[in-house]
Amino acid sequence: MYATASALYIDEMGYAMSRLEIESGLSEDGDAIQEDSSSGETKRPLKNLDNEIAQITKLKSTPHQQLVQVGTGRPELPVSPVKMLAGRESNYSGRGRFSSADRCHLLSRYLPVNGPWLIDQMSSRAYVSQFSADGSLFIAGFQGSHIRIYNVDRGWKVQKNILAKNLRWTITDTSLSPDQRYLVYASMSPIVHIVNAGSAETESLANVTEIHDGLDFSSNDDGGYSFGIFCVKFSKDGKELVAGSSGDSIYVYDLEANKLSLRILAHTVWDRRCLIAKGKPAGVLMGHLEGITFIDTRGDGRYFISNGKDQTIKLWDIRKMSSNVTSNPGYRSYEWDYRWMDYPPQAKDLTHPCDQSVATYRGHSVLRTLIRCYFSPAFSTGQKYIYTGSHNACVYIYDLVSGAQVATLKHHKSPVRDCSWHPFHTTLVSSSWDGDVVKWEFAGSGDTPGSSTKKRVWTRHFYEHYL
């Protein structure tokens with residue numbers, strides 16, 4: 001990627017406009033790397049990742065050779081979107097349409113950096129924000145017991161306002177079932193609650209207007225210890241829940257049998273197919289210097305990323321895992337607690353002597369709360385970016401291959417624990433401890449919040465008829 005091929009022009013209001021829009025589509029160099037959404041400083045690429053995933057990512061976002069020839073004639077440069085559309089209409093590829101790689105090459109250069117526009121504002125900290133798998137719904141969870149489900153296609157109208165039952169400290173996580181009928185929510189408690197998200201009731205007050213069934217994740221070998229659930233997810237078939245806890249364990253709950261089916265001591269790498277073999281992980285991956293706050297998988301059975309309290313995101317290849325890595329190399333010579341202390345300056349340049357990660361991404365901060373990180377969507381970007389919230393109230397977007405920080409979204413006044421990129425559209429939503437839930441988009445500088453409905457219709461038409 002080339003920084004000169006991807007400028008965004010930022011005005012004092014924080015809006016961005018692509019070079020394509022400014023030059024009426026006549027430029028040969030399309031937008032590849034976006035500028036910082038507030039500072040306007042273009043982040044230069046770092047040393048490229050020398051790994052198989054770099055080639056896979058390139059293949060997912062490289063247009064058809066015939067379209068490249070129609071465009072610049074130089075394969076190393078991005079192809080102008082206008083030239084790509086012209087090539088598609090002339091059927092230069094012989095397919096009569098864009099391939100997924102063509103689509104990703106076109107869409108991935110436009111990052112959701114415009115805005116932000118306020119979706120909701122609460123008086124308590126926002127901890128969770130996630131799009132549903134199809135992007136039609138958005139879920140936000142707050143410390144003040146509220147969980148809100150927004151209907152994205154109906155102008156972000158609140159479809160369900162859930163008041164949580166027996167909340168301890170905060171909503172730590174939520175998960176929507178694959179059929180979008182049920183939602184589970186967790187807090188610092190062994191009890192996970194399940195709600196009928198598809199019911200007609202808008203106000204879901206626990207056991208008053210609707211029943212919030214409690215699912216007990218405690219087991220006989222807990223020793224009476226009251227742990228908290230930090231994360232919970234439905235299985236792909238919707239029959240099980242998988243959860244991680246403050247009790248150093250992974251839990252599997254059988255929804256059909258309505259009971260806990262498995263508890264495994266965690267903090268290594270596990271394979272669902274062999275979880276019955278207690279105490280026997282599939283392997284160990286070392287590299288973080290401090291605790292891990294979140295993990296996101298690429299969905300290919302090989303790669304995943306993790307956010308760490310050592311202020312880094314690391315990219316991993318599970319094929320590189322080991323069975324006998326020393327877990328305590330004795331590198332730490334300082335006392336530090338991420339919940340109320342800044343990261344020690346002497347620790348910033350430390351590297352793990354047994355680091356097995358593929359790449360490391362730096363720039364954001366992971367303090368005070370368990371900040372989350374994700375791969376960008378496969379449909380629109382080919383997963384060529386990594387994005388994360390940050391303690392310093394920003395959202396950071398990194399190029400996966402180069403490691404370059406390609407955008408920093410600045411609006412919030414408190415830590416951004418969670419953020420979510422729409423699976424199909426160039427929209428990203430961030431939620432913060434300041435109570436704000438806001439959306440960022442890529443659009444023309446003339447767009448306003450009131451024009452979002454018209455733009456959604458145009459976007460859907462574009463995807464259906466041009467991509």
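For the single chain, residues carry numbers from 1 onward in sequence order.
Proximity of Tyr127 to Thr369: side-chain heavy atoms (C-beta onward) are separated by under 4.5 Å at one or more points. The side-chain heavy atoms of Phe131 and Leu176, taken from C-beta on, include no pair separated by under 4.5 Å. Proximity of Asp310 to Tyr343: side-chain heavy atoms (C-beta onward) are separated by under 4.5 Å at one or more points. The shortest distance between side-chain heavy atoms of Tyr253 and Ile194 does not fall below 4.5 Å. Between Leu289 and Lys309 there is no side-chain heavy-atom pair separated by less than 4.5 Å. Between Arg168 and Ser226, some side-chain heavy-atom pair lies under the 4.5 Å cut-off. Looking only at side-chain heavy atoms (C-beta outward), Glu290 and Val366 stay at 4.5 Å or farther from each other. With contacts defined as side-chain heavy-atom distances shorter than 4.5 Å, the pair Ser432/Val416 qualifies.
From Cys373, atom SG reaches atom CG of Asn307 across 4.0 Å, with rounding to the nearest 0.5 Å. Tyr185 OH to His193 NE2: the interatomic distance, rounded to the nearest 0.5 Å, is 5.0 Å. Taken to the nearest 0.5 Å, the SG atom of Cys104 stands 8.5 Å off from the NZ atom of Lys384. Separating the CG atom in Leu428 from the OG atom in Ser376 is a distance of 10.0 Å, to the nearest 0.5 Å. Separating the OH atom in Tyr385 from the CG atom in Asp399 is a distance of 6.5 Å, to the nearest 0.5 Å. For the atom pair CD1 of Ile305 and OG1 of Thr312, the computed distance is 11.0 Å after rounding to the nearest 0.5 Å.
At least one donor-acceptor pair closer than 3.5 Å links the side chain of Asp434 to the backbone N or O of Lys413. Of the possible donor and acceptor atoms, one in the side chain of Thr388 sits under 3.5 Å from a partner among the backbone N and O of Arg372. With Ser430 contributing its side chain and Cys419 its backbone, the two residues share no donor-acceptor pair below 3.5 Å. A donor-acceptor pair is defined here as one N or O able to donate and one able to accept, closer than 3.5 Å; no such pair exists between the side chain of Ser177 and the backbone of Gly238. When atom types are taken as modelled, the side chain of Ser249 and the backbone of Gly247 share a donor-acceptor pair closer than 3.5 angstrom. Between the side chain of Trp336 and the backbone N or O of Asp342 there is at least one donor-acceptor pair closer than 3.5 Å. At least one donor-acceptor pair closer than 3.5 Å links the side chain of His352 to the backbone N or O of Cys354. In this structure, the side chain of Gln311 does not engage the main chain of Ser365 through any donor-acceptor pair within 3.5 Å. A donor-acceptor pair under 3.5 Å is formed between the side chain of Arg368 and the backbone N or O of Met341. Side-chain atoms of Asp173 never come within 3.5 Å of backbone atoms of Ala186 as a donor-acceptor pair (strictly under, hydrogens ignored).
Under the 30°/60° scheme for interplanar angles, the aromatic rings of Tyr361 and Tyr398 are found to be tilted. Note: Phe217 and Tyr251 have perpendicular aromatic rings, judged against thresholds of 30 and 60 degrees for the angle between ring planes. Under the 30°/60° scheme for interplanar angles, the aromatic rings of Tyr387 and Trp421 are found to stand perpendicular. Ring pair Phe379/Phe424 is perpendicular by interplanar angle, where above 60° counts as perpendicular and below 30° as parallel.
The two residues Ser357 and Asp355 come nearest to each other via the heavy atoms OG-OD1, 2.7 Å. Of all the heavy atoms in Val232 and Val192, the pair that sits closest is CG2-CG1, 4.4 Å. Annotation for Phe375 and Leu315: closest pair CZ-CD1, 4.0 Å, computed over non-hydrogen atoms. Cys394 approaches Lys410 most closely through the heavy-atom pair SG-CG, 3.6 Å. Residue Ser189 comes nearest to Ile229 through the heavy atom pair O-CG1, 3.2 Å, listed as atom of the first residue, atom of the second, then distance. Across Phe234 and Pro178, no two heavy atoms sit closer than the pair CB-CD, 4.1 Å.
A side-chain donor-acceptor contact under 3.5 Å links Asn51 and Tyr303. Between the side chains of Thr57 and Arg298, at least one donor N or O sits under 3.5 Å from an acceptor N or O. Counted by atom type alone, Gln121 and Asp436 present one or more donor-acceptor pairs between their side chains at under 3.5 Å. For the residue pair Ser306/His288, the side-chain donor-acceptor check at 3.5 Å is satisfied. Checking Gln383 against Lys60 by side-chain atom types alone, a donor-acceptor pair falls below 3.5 Å.
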Dump the intermediate steps for side chain to side chain contact (heavy atoms under 4.5 Å, CB included) on Leu111 and Val406, then the final yes or no. CA-CA 9 Å; Leu111 298 181; Val406 297; 3.7 Å; yes

Pair Leu215-Asn258, side chain to side chain contact (heavy atoms under 4.5 Å, CB included): steps then yes or no: CA-CA 7 Å; Leu215 311 176; Asn258 195 25; 3.7 Å; yes

Assess the residue pair Val358 and Glu52 against the criterion (side chain to side chain contact (heavy atoms under 4.5 Å, CB included)); give the C-alpha distance rounded to whole Å, side-chain angles, the decisive distance to 0.1 Å, and a yes or no. CA-CA 10 Å; Val358 174; Glu52 177 190 35; over 6 Å; no

Side chain to side chain contact (heavy atoms under 4.5 Å, CB included) between His212 and Ile162: does it pass, once the steps are laid out? CA-CA 10 Å; His212 293 199; Ile162 300 168; 3.5 Å; yes

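Of the charged side-chain nitrogens involved, at least one lies within less than 4.0 Å of a carboxylate oxygen, so that Arg339 and Asp337 count as a salt-bridged pair.
Considering only residues two or more places apart in sequence or on other chains, Gln55 meets the side chain to side chain contact (heavy atoms under 4.5 Å, CB included) condition with Lys58, Leu59.
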Can you give the donor-acceptor pairs under 3.5 Å from side chains of residues 135-145 to other protein atoms, not counting sequence neighbours?
from	atom 1	to	atom 2	distance (Å)
Ser136	OG	Asp134	OD1	2.8
Ser136	OG	Asp134	OD2	3.2
Gln143	NE2	Trp169	O	3.4

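Residue Glu335 qualifies as open at atom CD: its count of foreign heavy atoms under 6.0 Å is 12 or below.
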